[in-house]
Participant: 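Quick one: this structure, given as structure tokens, is what I'll be asking you about.
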There are 4 protein chains.
Amino acid sequence: MSLCDSADPPRRRRKEARPQELTAAALELFTERGFAATRLEDIAARAGVSKGTLYLYFDSKEALFEAVIREGIIPAMNEGRTMLEEHQGSASELLRCLLLGWWELLGESPLGGVPKLMVSEAGNFPKVAAFYRENVIDPGRALLREALQRGMDQGEFRPVDVGMAVDVIFAPILMLAVWRYSIGPCCAEEERDPVRFLDTHFDLLIKGLRP
Amino acid sequence: MSLCDSADPPRRRRKEARPQELTAAALELFTERGFAATRLEDIAARAGVSKGTLYLYFDSKEALFEAVIREGIIPAMNEGRTMLEEHQGSASELLRCLLLGWWELLGESPLGGVPKLMVSEAGNFPKVAAFYRENVIDPGRALLREALQRGMDQGEFRPVDVGMAVDVIFAPILMLAVWRYSIGPCCAEEERDPVRFLDTHFDLLIKGLRP
Amino acid sequence: MSLCDSADPPRRRRKEARPQELTAAALELFTERGFAATRLEDIAARAGVSKGTLYLYFDSKEALFEAVIREGIIPAMNEGRTMLEEHQGSASELLRCLLLGWWELLGESPLGGVPKLMVSEAGNFPKVAAFYRENVIDPGRALLREALQRGMDQGEFRPVDVGMAVDVIFAPILMLAVWRYSIGPCCAEEERDPVRFLDTHFDLLIKGLRP
Amino acid sequence: MSLCDSADPPRRRRKEARPQELTAAALELFTERGFAATRLEDIAARAGVSKGTLYLYFDSKEALFEAVIREGIIPAMNEGRTMLEEHQGSASELLRCLLLGWWELLGESPLGGVPKLMVSEAGNFPKVAAFYRENVIDPGRALLREALQRGMDQGEFRPVDVGMAVDVIFAPILMLAVWRYSIGPCCAEEERDPVRFLDTHFDLLIKGLRP
DNA sequence: AATGAATGAGCATTCATTCAT
DNA sequence: CATGAATGAATGCTCATTCAT
């Protein structure tokens with residue numbers, strides 16, 4: 001009820017929260033405009049701080065970029081692995097959970113911008129791209145590979161070229177995420193429905209894997 | 001009659017070819033580094049002209065970008081349409097031809113960078129993105145939709161949500177192209193084989209469409 | 001009664017000593033890097049305090065600079081004057097004592113950096129330069145002038161243009177000091193020996209002053 | 001008589017003259033204010049060009065500094081050497097010519113600021129300082145050493161510690177130059193007369209060197 | 001008194017764009 | 001047509017200064 005309900009939080013609190021506030025703002029803007037076209041001043045403004053404050057937490061624009069990617073990764077993989085280990089049902093179910101889980105994590109949150117950002121900037125940040133591959137792409141592929149293999153071992157899926165199949169399978173989800181942060185919004189097409197899209201993908205996939 | 005007939009290409013030719021040489025150079029660099037991070041001077045240098053010359057053919061950096069996309073589009077659709085109209089075989093064959101044809105067009109030539117470029121820059125060029133959607137994405141979807149529909153009508157494919165399926169189906173090809181110009185090169189993974197990838201995609205797809 | 005009587009120096013002491021610790025640190029860094037190129041944060045760090053603390057004692061970077069010069073002056077002149085008043089021996093001896101005394105004061109301690117600092121920054125701090133001239137240069141010249149005059153009056157020196165001679169005489173000592181804080185250290189020349197240098201200076205000087 | 005006598009010289013001309021115009025402007029301002037306190041924009045303005053133009057000729061502020069020193073050196077040494085080689089008169093005369101020649105070169109022109117600049121900035125530019133020592137200080141010392149040695153060999157001068165004496169001898173000229181660009185101007189002392197100063201220096205010196 | 005997080009003016013540097021040649 | 005010297009707005013980054021704690 002107070003008039004200044006939104007007063008600044010105590011300094012101590014801010015100090016610890018700042019880096020995340022900044023990387024969050026940076027992620028949004030980098031995703032929207034690309035790295036080079038984003039001004040640090042805009043990032044700072046979106047995070048509600050001044051230009052100089054950025055440099056208390058990050059050494060340079062590039063360091064901020066790296067932090068954005070690094071942060072965008074942490075939550076992604078753990079869930080997938082636990083899902084894989086604890087899952088009891090059929091391989092189809094597992095595959096569905098993995099892919100839908102990803103979408104829920106990536107698609108709905110700003111984190112979904114990371115893949116588009118990485119696709120756009122990999123050429124300018126080979127180091128970061130390598131880091132991303134090691135920590136996101138490779139583990140992600142491994143998860144899917146395990147799920148596929150389990151299904152094949154149990155006779156639920158027919159034999160396929162697993163190494164290729166994981167990328168084929170993941171491509172539609174990836175494109176869904178990339179799309180949302182690139183051509184999608186500006187064409188404002190009658191709001192392509194992700195659920196219908198994923199259902200269709202899944203339908204085709206499961207039928208395609210039938211022995 | 002010219003004093004230097006031999007060494008340099010004939011002036012008349014150059015003059016007409018210039019715009020294409022410039023957009024070609026621009027496409028390569030825009031794809032590699034992104035629009036904002038590419039310097040006009042580098043584009044000019046790669047095309048073998050001076051910075052000022054660019055402005056004889058294009059009003060601004062943005063105009064050049066538009067021209068790059070516009071040029072990258074022209075050859076893409078016609079082949080697909082004639083293929084659709086003239087194809088005699090099964091719907092599966094038609095689908096295969098369409099997708100492989102695309103890959104040959106996108107994957108092997110620098111034109112393959114256009115989708116990655118468009119994905120990266122759509123947010124900064126909504127007009128161009130709309131143009132791209134109208135002239136590339138929508139016609140492309142229409143082609144695939146027709147092929148799918150034909151297969152369904154002939155009982156070769158089971159019924160699916162066609163509107164969604166076209167994007168699901170195209171996603172792996174798109175990803176293959178995008179990858180090649182983003183994360184792929186810098187990770188130098190044991191040269192992922194596009195043919196095997198497309199075969200797997202096709203195998204899954206055709207089985208998935210079986211009635 | 002204090003809870004931490006042992007480790008840190010007593011608070012009372014620190015408080016009074018702070019300004020000198022700060023000007024001492026500032027003198028070193030200003031001398032090494034110049035005024036503009038020295039960061040207040042570095043000065044604070046060298047003095048073992050935080051950036052903000054500086055402003056408890058000095059209003060601004062410029063005020064700190066003034067204090068540095070002011071402090072660097074206090075001890076310089078008194079000794080010379082007493083030496084002049086109490087000296088009993090020959091004028092040559094007096095001159096030697098004055099010049100060597102200066103060198104001991106300037107050359108061995110960090111105070112030797114003051115002349116170099118003043119030379120470098122006079123243009124940016126005309127006020128401070130005027131202050132320096134009034135309180136250091138003029139009195140110094142007066143001391144030397146008196147010594148020279150005494151020698152001339154006593155027939156020990158031949159007549160010379162005293163006003164000019166004092167600067168001629170002092171130049172080598174000044175140069176020795178300035179050198180040590182500028183070109184000297186980075187060229188690491190076989191450690192030019194100040195004593196030999198001063199001896200030679202003196203030898204030439206005394207012979208040059210012989211009637 | 002034309003109204004536009006001072007019109008811009010043809011482009012070609014400027015292109016070649018620019019670097020010198022810029023280093024000349026830079027020398028003045030670096031000397032006056034020091035390296036760090038001089039803004040590139042001011043240098044450009046003094047040279048009558050825009051900020052960006054500087055970067056057509058120099059890669060960075062530091063590169064400009066180096067060029068300033070490098071340029072300030074070229075004319076300095078050659079004269080001295082030819083003077084040494086061609087001189088016919090007494091060693092005293094030679095010494096006088098060398099020192100006065102230096103003063104005319106250094107003292108009257110803006111080049112006189114170079115020593116003060118070097119003294120001030122040596123600590124921040126060790127590389128340049130080393131270059132300066134090798135190309136100016138060392139050759140200068142060598143010239144004076146030869147002159148002294150010649151006088152001693154011919155019995156015109158008594159034996160002295162030559163290595164030290166050269167610096168002792170040069171110190172007053174150096175200080176005269178340094179002074180002019182540091183404390184001198186801002187104290188506006190009754191315009192210390194360089195000629196009287198040098199005469200006194202010479203008088204003392206020659207008498208001091210008498211056998 | 002002391003801290004150090006936050007600020008924002010200031011500067012070096014880049015690069016799209018212009019235009020005299 | 002073609003050039004490339006010149007421009008100056010834009011932006012990453014620094015650092016003196018402030019102030020809540």
Participant: Does A:Thr31 have any side chain to side chain donor-acceptor pair (under 3.5 Å) partners at least two apart in sequence or in another chain, and if so, which?
Facilitator: none
Participant: I need the residues from residues 24-33 of chain C with at least one non-hydrogen atom less than 4.0 Å from DNA chain F; give them sorted by number, or say none.
Facilitator: none
Participant: Kindly write out the residues that satisfy side-chain contact (heavy atoms from CB on, under 4.5 Å) with D:Ser50, not counting sequence neighbours, or none if the list is empty.
Facilitator: D:Thr53
Participant: Dot-bracket, DNA chain F: Watson-Crick or G-U, under 3.5 angstrom, [ ] crossing, | other strand?
Facilitator: .||||||||||||||||||||
Participant: Quick test of your reading: applying side chain to side chain donor-acceptor pair (under 3.5 Å), list the pairs with at least one residue in residues 58-67 of chain D, sequence neighbours left out, ordered by first then second residue.
Facilitator: D:Glu66-D:Arg70
Participant: Any side-chain N or O of B:Tyr57 less than 4.0 Å from the OP1 or OP2 oxygen of F:dA2?
Facilitator: yes
Participant: side-chain contact (heavy atoms from CB on, under 4.5 Å) with B:Ala67: which residues, sequence neighbours excluded?
Facilitator: B:Thr23, B:Phe58
Participant: Residues in salt bridge (charged side-chain N to carboxylate O under 4.0 Å, His left out) with C:Arg33, at least two apart?
Facilitator: C:Asp42
Participant: Report each atom pair, protein N/O against N/O of nucleotides 8-10 of chain E, whose distance is under 3.5 angstrom.
Facilitator:
| from | atom 1 | to | atom 2 | distance (Å) |
| --- | --- | --- | --- | --- |
| E:dG10 | O6 | A:Lys51 | NZ | 3.0 |

Participant: Can you name the residues that form a side-chain contact (heavy atoms from CB on, under 4.5 Å) with D:Glu28, not counting sequence neighbours?
Facilitator: D:Arg46
Participant: List for me each residue that meets side-chain contact (heavy atoms from CB on, under 4.5 Å) alongside A:Ala24, sequence neighbours excluded, and say none if there are none.
Facilitator: none
Participant: At 4.0 Å (heavy atoms only), tell me whether D:Leu56 reaches a base, stays on the sugar-phosphate, or touches nothing.
Facilitator: base
Participant: Return the set of residues passing ring-ring contact (aromatic ring centres under 6.0 Å, His included) with D:Phe35 (not counting sequence neighbours), or none when no residue passes.
Facilitator: D:Phe30, D:Phe65, D:Phe125
